[in-house]
Amino acid sequence: MEAVLGRIGLWFALLLLSIVAIVSAQDSGFAAHMTIIAIVALILIWITAACYDPLAKAQGMFRMPEGPSRYDDDPIRWGVLATIFWGMAGFLAGVFIALQLVFPELNFEPYLSFGRVRPLHTSAVIFAFGGNALIATSFYIVQRTCRTQLAFPGLARFVFWGYQLFIVLAATGYLLGITQSKEYAEPEWYVDLWLTIVWLCYAAVFIGTIVKRREPHIYVANWFFLAFIVTIAMLHVVNNLAMPVSLLGSRSYSAFAGVQDALTQWWYGHNAVGFFLTAGFLAMMYYFVPKQADRPVYSYRLSIIHFWSLIFLYIWAGPHHLHYTALPDWAQTLGMVFSVILWMPSWGGMINGLMTLNGAWDKIRTDPIIRMMAMSLAFYGMSTFEGPMMSIKSVNSLSHYTDWTIGHVHSGALGWNGLITFAAVYYLVPRLWRRERLYSLRMINWHFWLATLGIVFYAASMWVAGVTQGLMWREYGPDGYLVNSFVDTVAALEPMYMMRAFGGLLYLAGAVIMTYNVWMTLAGKVREEASLRNAPHDAEKDRPITAVPAE
């Protein structure tokens, strides 16, 4: 009882502080965010006082089987559901802003203008969809490869809920116009501070679980997760160093200025891609591909070489975003050289993943989850070839600031990150909720083809649009003046923008099918359908995977 009263007192103090902040706020955006904090405090007071567990009730609705478990899977279940929810939100926002570029009348000022919804889409897909997937899968994988439960279970739950609060504050901030105007780092200073606290707790849970492991070997996936967690913490803290205008306001000034600020931003921006969207998802690949294929990793030695070369090289590649700027030429060349070298370890990881299917290639035809994993690796290989190529100065002079970059980013994000995450969700759901199998295997097949076609429409249209832009912008007439105005390029791109919106719509449709499939699986339903000749799911087949290379 004393513990309950203590928690209520803590939440009540938070409520009072948030009310004081609302009254004293220097701007309406900060007041709106403090109102969200006050609402959260009220909900916590109600839940604590009533001893009410809404998640337990929700799990009961889906007939969660009771019984002892070797692992702490509650935060993982919540993370899987949050991944699906935020994925749908992010994909929907993406389709909306794609349509805004074709139909400008869809820009509803001020809150739903392209300039505000675009960072909402970016962060929703990367940090909400991708971030929840990484937290959930890292908690799942580290327990099973270390043969132990999560360290600090209460802290693990704080990480999940604290991260959701960060997402809500960041997303509402974008719509309210609260932004630092830094790519992938738009949230203002107080939201950044909150994320730092949550991230340090995440690191404590993950590292603590490794420390208390019962398995002497640290599996390679955990090395990738560890690099992702530690490096993102460093990048986030340094890039977001800022001085608030007021402790009761949403505005701040960066600690850096000019070209130093630009270099720090793209050191962060490129390595957010490198460690958030690459290293973390490679950890997922190194666990789920062997498990789904029921094969050992093709070469464990190659995976170690892949890890160390990737994390050493990636951190230097950021300056290639600043070609032909005020950044010193030697720094631009340094970024370009490391980006080109980066192609080799990246393809080493792709080859290792694909060759893990050696001896199980028939499963690509009969197992839609394996097919999704193989396609994600193909997109990873393509993106990690295209990226180094685009970092070369002569290519960059044509591609940079055009939609070619947009096509490159989305072929990687939708093809590599999206498909490997969908495959991981399909792998996890029946195991976490102890179902015989997913509701429908054929729906996974539909999801695969819709997503793949959507990416093809999206990326191909943006590649054509980007080359068109680059060529039109650099075309000079005999008189030495530019031939095309900016409006001319916009008009020329309208068909490609329509194709992009169509591709995004296909990708969203695939995600809707996945959501329905997961919902029905959680409800305990099984769809009667013709077999895809998959082996039925074995709920007990959850042993740690071997580190021995395939023969």
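Since we're looking at a predicted model, the values are computed, not measured.
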Exercise. Between Pro345 and Ile305, is any pair of side-chain heavy atoms under 4.5 Å apart?
Worked result: no

For this session: Could you give me the CA-CA distance, side-chain angles and deciding distance for Val340 and Ser391, then say whether side chain to side chain contact (heavy atoms under 4.5 Å, CB included) is met?
Result: CA-CA 7 Å; Val340 172; Ser391 74; 4.1 Å; yes

Problem set entry | Proximity of Phe275 and Trp267 rings by center, below 6.0 Å | no

Problem set entry | Heavy-atom side-chain contact between Asp329 and Gln332 under 4.5 Å | yes

Exercise. Would you say the side-chain atoms of Glu494 pair up with the backbone N or O of Val490, donor to acceptor, closer than 3.5 Å?
Worked result: no

Problem set entry | Expected output: side-chain Arg500 to main-chain Met462 donor-acceptor under 3.5 Å | no

Exercise. Could you give all pairs that pass the salt bridge (charged side-chain N to carboxylate O under 4.0 Å, His left out) test and reach residues 176-192, with sequence neighbours left out?
Worked result: Arg118-Glu183, Lys182-Asp261

Exercise. Just by distance, do the side chain of Tyr163 and the backbone of Phe127 share a donor-acceptor pair under 3.5 Å?
Worked result: yes

Exercise. Can you tell me how far the CD1 atom of Ile392 sits from the CE atom of Met389, to the nearest 0.5 Å?
Worked result: 7.5 Å

Exercise. Are a donor atom and an acceptor atom from the side chains of Trp463 and Glu386 found within less than 3.5 Å of each other?
Worked result: yes

Exercise. Would you find a donor on one side and an acceptor on the other, under 3.5 Å apart, between the side chain of Gln143 and the backbone of Asp73?
Worked result: no

Exercise. Between Phe288 and Met284, is any pair of side-chain heavy atoms under 4.5 Å apart?
Worked result: yes

Exercise. So which heavy atom on Phe276 is nearest to which on Gly131, and how close?
Worked result: CZ-CA, 3.6 Å

Exercise. Under the 3.5 angstrom rule, does the side chain of Asn107 hit a backbone N or O of Pro104 as a donor-acceptor pair?
Worked result: yes

Problem set entry | Trp473 atom CH2: more than 12 heavy-atom contacts under 6.0 Å | yes

Problem set entry | Non-neighbouring partners of Ala283 that pass side chain to side chain contact (heavy atoms under 4.5 Å, CB included), sequence neighbours left out | Ala221, Phe224, Phe225

Exercise. Does any N or O in the side chain of Asn417 come within less than 3.5 Å of the main-chain N or O of Leu277, such that one atom is a donor and the other an acceptor?
Worked result: yes

Exercise. Taking the six-membered ring of Tyr253, is the NZ or CZ of Arg251 close enough (under 6.0 Å from the centre) and on axis enough (within 45°)?
Worked result: no

Exercise. Can you tell if the side chain of Leu263 reaches within under 4.5 Å of the side chain of Pro319, non-hydrogen atoms only?
Worked result: yes

Problem set entry | Test item: Thr209 side-chain N/O and Val142 main-chain N/O as donor-acceptor pair under 3.5 Å | no

For this session: Indicate yes or no: at least one non-hydrogen side-chain atom of Leu342 is less than 4.5 angstrom from one of Thr384.
Result: no

For this session: Please state whether the rings of His270 and Tyr314 are parallel, tilted or perpendicular, taking 30° and 60° as the class boundaries.
Result: tilted

Problem set entry | Geometric class of the Phe228/Tyr202 ring pair [parallel <30°, tilted 30-60°, perpendicular >60°] | perpendicular

Problem set entry | Straight-line distance of Ile370 CD1 to Ile364 CD1, nearest 0.5 Å | 7.5 Å

Exercise. So, does Ser123 use its side chain to make a donor-acceptor pair with the main chain of Leu120 at under 3.5 Å?
Worked result: no

Exercise. Taking the six-membered ring for Trp, are Tyr458 and Tyr507 ring centroids under 6.0 Å apart?
Worked result: no

Exercise. Taking side chain as C-beta onward, heavy atoms only, is Ile167 less than 4.5 Å from Asn132?
Worked result: yes

Exercise. Between Phe158 and Trp194, is the ring centre distance below 6.0 Å?
Worked result: yes

Exercise. What residues form a side chain to side chain contact (heavy atoms under 4.5 Å, CB included) with Val518, not counting sequence neighbours?
Worked result: Ile84, Val425, Val429, Met514, Leu522

Exercise. Does atom CE of Met498 have more than 12 heavy-atom neighbours, drawn from other residues, nucleotides or ligands, at distances under 6.0 Å?
Worked result: no

Exercise. If you measure from CG on Leu357 to CZ on Arg295, what distance do you get to the nearest 0.5 Å?
Worked result: 9.5 Å

For this session: Classify the angle between the aromatic ring planes of Trp78 and Phe160 as parallel (below 30°), tilted (30 to 60°) or perpendicular (above 60°).
Result: tilted

Exercise. Of all heavy-atom pairs between Arg431 and Tyr427, which one has the smallest distance, and what is that distance?
Worked result: NH1-O, 2.9 Å

For this session: Check whether any side-chain heavy atom of Phe379 sits under 4.5 Å from a side-chain heavy atom of Met350, and report yes or no.
Result: no

Problem set entry | Residues forming a side chain to side chain contact (heavy atoms under 4.5 Å, CB included) with Leu169, sequence neighbours excluded | His33, Ile36, Ile37, Leu165, Val191

Exercise. Any side-chain donor-acceptor pair under 3.5 Å between His217 and Tyr300?
Worked result: yes

Problem set entry | Crowding at OH, Tyr401 (>12 non-hydrogen neighbours, <6.0 Å) | yes

For this session: Measure the spacing between NZ of Lys291 and OG1 of Thr356 and express it to the nearest 0.5 Å.
Result: 14.0 Å

Problem set entry | Test item: side-chain donor near acceptor, Gln180 and Trp189, under 3.5 Å | no

For this session: Could you tell me whether Trp223 atom CH2 has more than 12 heavy atoms of other residues or ligands within 6.0 Å of it?
Result: no

Exercise. When the ring planes of Tyr380 and Trp416 are compared, do they come out parallel, tilted or perpendicular, using 30° and 60° as the limits?
Worked result: tilted

Exercise. Which is it for Thr145 and Arg213 under the side chain to side chain donor-acceptor pair (under 3.5 Å) test, yes or no, and what are the steps along the way?
Worked result: CA-CA 8 Å; Thr145 54; Arg213 70 187 185 278; over 6 Å; no

Problem set entry | Donor-acceptor side-chain pairing of Asp403 and Tyr497 below 3.5 angstrom | yes

Exercise. For Phe448, does the CZ atom have more than 12 heavy-atom neighbours from other residues, nucleotides or ligands under 6.0 Å away?
Worked result: yes

Problem set entry | Asn352 and Tyr286 side chains, donor-acceptor separation under 3.5 Å | yes

Problem set entry | Asn240 side, atom CG; Ser252 side, atom OG - distance, nearest 0.5 Å | 8.5 Å

Exercise. With a 3.5 Å cut-off and no angle check, do the side chains of His400 and Tyr324 form a donor-acceptor pair?
Worked result: no

Exercise. Can you find a side-chain donor-acceptor pair between Tyr190 and Ser250 that sits under 3.5 Å?
Worked result: no

Problem set entry | For Gly353 against Met285, the heavy-atom pair lying closest together | CA-SD, 3.8 Å

For this session: Mind jotting down which residue pairs meet the salt bridge (charged side-chain N to carboxylate O under 4.0 Å, His left out) criterion with at least one end in residues 169-180? Sequence neighbours excluded, please.
Result: none

Exercise. Do Leu310 and Leu282 touch side chain to side chain, with heavy atoms closer than 4.5 Å?
Worked result: yes

Exercise. Are a donor atom and an acceptor atom from the side chains of Asn271 and Thr231 found within less than 3.5 Å of each other?
Worked result: no

For this session: Using only heavy-atom distances, determine whether the side chains of His408 and Ser383 contain a donor-acceptor pair under 3.5 Å.
Result: no

Problem set entry | Spatial distance of atom OG (Ser411) from atom CD1 (Ile455) [nearest 0.5 Å] | 8.5 Å

Problem set entry | Under 3.5 Å donor-acceptor, Ser376 side chain and Leu419 backbone | no

Problem set entry | Set of side chain to side chain contact (heavy atoms under 4.5 Å, CB included) partners for Val467, sequence neighbours left out | Trp404, Leu471

Exercise. Any donor-acceptor pair under 3.5 Å linking the side chain of His320 with the backbone of Ala317?
Worked result: yes

For this session: Tell me whether the guanidinium CZ or amine NZ of Arg116 lies under 6.0 angstrom from the six-membered ring centre of Phe114 and within 45° of its axis.
Result: no

